[in-house]
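Let me begin by presenting the structure, written as structure tokens, before commenting on it.
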Amino acid sequence: MKFTRKTFVAAGSAFAIAALVTACGGSGQVGQSNDSGGQPAQNNKKLTLIPGVQAEPFYISMQCGAEAEAKKLGYELNTSAPQKFDAAMQTEKVNALGSAPPAGLLIAPTDDTAMLAPIQQVKNRGTKIVEVDTALKDTGVAVSSISSNNTEGGKLAAQTLAKLVGDKPGSVLVLDTIAGTSTTNARAKGFEDELKNFPNLKSAGVQFTQNEPDQAASKVTAALASTPDLVGIFATNLNTGEGAATGLRNAGKIGQVNLVGFDASPSEVEGLRKGEYQGLIAQDPASIGQQGVQQAVAALEGKPVQRNITAALHSITKDNMDANQQYFYKQQC
Ligand code: T6T
């Protein structure tokens, strides 16, 4: 069955609308922040952003949105990014905030459990914590969390792949990053749950890739060898997508196995144009950074804070990509 522009745009619009409703207070709780971790909040007009990893277009775009908003609100925002998407490396960055931490910390925890203790320590010194993108399992630490609806994004990816494949029977592989990454784990789960609604499609399982494109490429090479009826791949983020495209290219299977990716990095966008991907689900990292700053500042200034904010997702295909360039991620602000 042909993958039509109408299908994707329609699904994407419904999605963006749902996300907007939530962002406007649909499921978020609004309340006065009185959460200072037992100490008075700092009042040094300083914010720090600790993303998941350095020099990666999703987080660069988030940083651009956060910096612009901080400037507008009269705050200074510094970014301190780990070299790899790794909890130990991110813990070093958190610990380096030391005994005089910023007033607000925007952080994308790389592990939903291992990052609890270091973040809690910063909170105990009076810093307001805002989660951007990923989140801790413990919902009592952050004053606010801003994230895409990742479960719904995974479901949308399954519906998209099912439409691409049509009635043909076959297997579908999911490439996740690391166990404990709240976002990609939710995307994989949403995808697997939704896949059960398409009886012609069988799950070939979820493979972890440690968020390394090379590992994603190898997993695809192995799956092509072990699963001759492989008809689709869902890559849960940009690194898994870039690796999957490499694996398909190396095997001469581009276009024969449908690839739906998450995110819209320059390399993924180029891959979509070339036909390596059949669909991308773009997030809005700049808006996640912008709203993260707004919530941190609201908490610091004793204004109402929204506990959960859902950022919009946008479905992009080759047909509609030129009209959706505003959702492509940046390499620099
Ligand atoms: O997909 C994003 C982000 O949402 C996820 O939590 C980790 O991977 C990315 O940064 C893309 O590489």
Side-chain angles (χ1 to χ4, degrees), residues 19 49-66 79 81-87 89-90 106-115 130-137 142 145-154 156-157 174-191 206 208-217 234-246 260-269 271 277 279-289 291-292 309-316 327-331:
L49 168 65
I50 301 188
V53 65
Q54 68 179 17
E56 196 250 56
F58 174 82
Y59 295 115
I60 293 171
S61 304
M62 179 191 282
Q63 183 182 340
C64 298
T79 298
Q83 235 179 339
K84 290 186 79 176
F85 194 95
D86 173 89
M89 287 190 186
Q90 194 178 42
L106 277 68
I107 185 160
T110 47
D111 187 297
D112 59 15
T113 309
M115 291 311 300
V130 173
E131 291 164 332
V132 279
D133 180 48
T134 39
L136 295 170
K137 271 201 179 124
S145 302
I146 300 104
S147 183
S148 305
N149 188 335
N150 292 293
T151 306
E152 287 301 318
L156 178 61
V174 177
L175 295 172
D176 199 346
T177 59
I178 306 173
T181 304
S182 62
T183 48
T184 59
N185 296 173
R187 291 168 203 165
K189 168 98 173 54
F191 183 95
V206 178
F208 288 100
T209 62
Q210 301 314 306
N211 204 25
E212 296 289 349
D214 286 355
Q215 288 206 29
F234 171 42
T236 58
N237 80 339
L238 69 85
N239 286 329
T240 49
E242 291 175 10
T246 304
V260 174
F262 224 87
D263 295 305
S265 69
S267 146
E268 286 178 292
V269 167
Y277 294 78
L280 291 178
I281 298 171
Q283 305 188 73
D284 193 346
S287 140
I288 294 176
Q291 296 189 75
I309 297 180
T310 306
L313 291 169
H314 305 276
S315 300
I316 302 181
Y327 303 121
F328 298 172
Y329 300 175
K330 294 182 180 165
Q331 293 280 28

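In listed order, ligands and their atoms are each counted from 1. Since the model is a prediction, treat every value here as computed from it, not as a measurement.
- Distances between N or O atoms of N211 and those of ligand 1 include no value under 3.5 Å.
- Considering only non-hydrogen protein atoms, atom 3 (C) of ligand 1 sits nearest to D133 OD2, 3.2 Å.
- Of the N or O atoms in T134, none lie within a sub-3.5 Å distance of an N or O in ligand 1.
- Considering backbone and side-chain atoms together, E56 places an N or O closer than 3.5 Å to an N or O of ligand 1.
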inquiry  = The test is side chain to side chain contact (heavy atoms under 4.5 Å, CB included); show your working for T183 and S148 and say whether it passes.
reply    = CA-CA 8 Å; T183 48; S148 305; over 6 Å; no
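- There is a side-chain donor-acceptor pair under 3.5 Å between E131 and S145.
- Shown are I146, V132, I288, V130; of these, the side-chain contact (heavy atoms from CB on, under 4.5 Å) with I309 is made only by I146.
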request  = Test T134 against M115 for side chain to side chain contact (heavy atoms under 4.5 Å, CB included), laying out the working first.
outcome  = CA-CA 11 Å; T134 39; M115 291 311 300; over 6 Å; no
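- Nearest protein neighbour of atom 1 (O) of ligand 1, counting heavy atoms only, is D263 OD2, 2.6 Å.
- Each of T236, N150, N149 was scored for a side-chain hydrogen bond (donor to acceptor under 3.5 Å, both in side chains) with R187, with one residue passing: N150.
- Taking every heavy atom of T183 and a limit of under 4.0 angstrom, the matching atoms of ligand 1 come to 5 (C), 6 (O).
- For N237, a nitrogen or oxygen atom sits less than 3.5 Å from a nitrogen or oxygen atom of ligand 1, counting backbone and side chain alike.
- Side-chain atoms of L280 and Y327, non-hydrogen and from C-beta on, never get closer than 4.5 Å to each other.
- Using a 4.0 Å cutoff on heavy atoms, R187 counts as a contact of ligand 1.
- Looking at Y59 against ligand 1, only its side chain comes within 4.0 Å, counting heavy atoms.
- On a distance-only criterion, Q283 and ligand 1 share at least one N/O pair closer than 3.5 Å.
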inquiry  = I'd like to know whether E212 forms a side-chain hydrogen bond (donor to acceptor under 3.5 Å, both in side chains) with N239, so could you lay out the CA-CA distance, the side-chain angles of the two residues, the decisive distance to 0.1 Å, and finally the verdict.
reply    = CA-CA 6 Å; E212 296 289 349; N239 286 329; over 6 Å; no
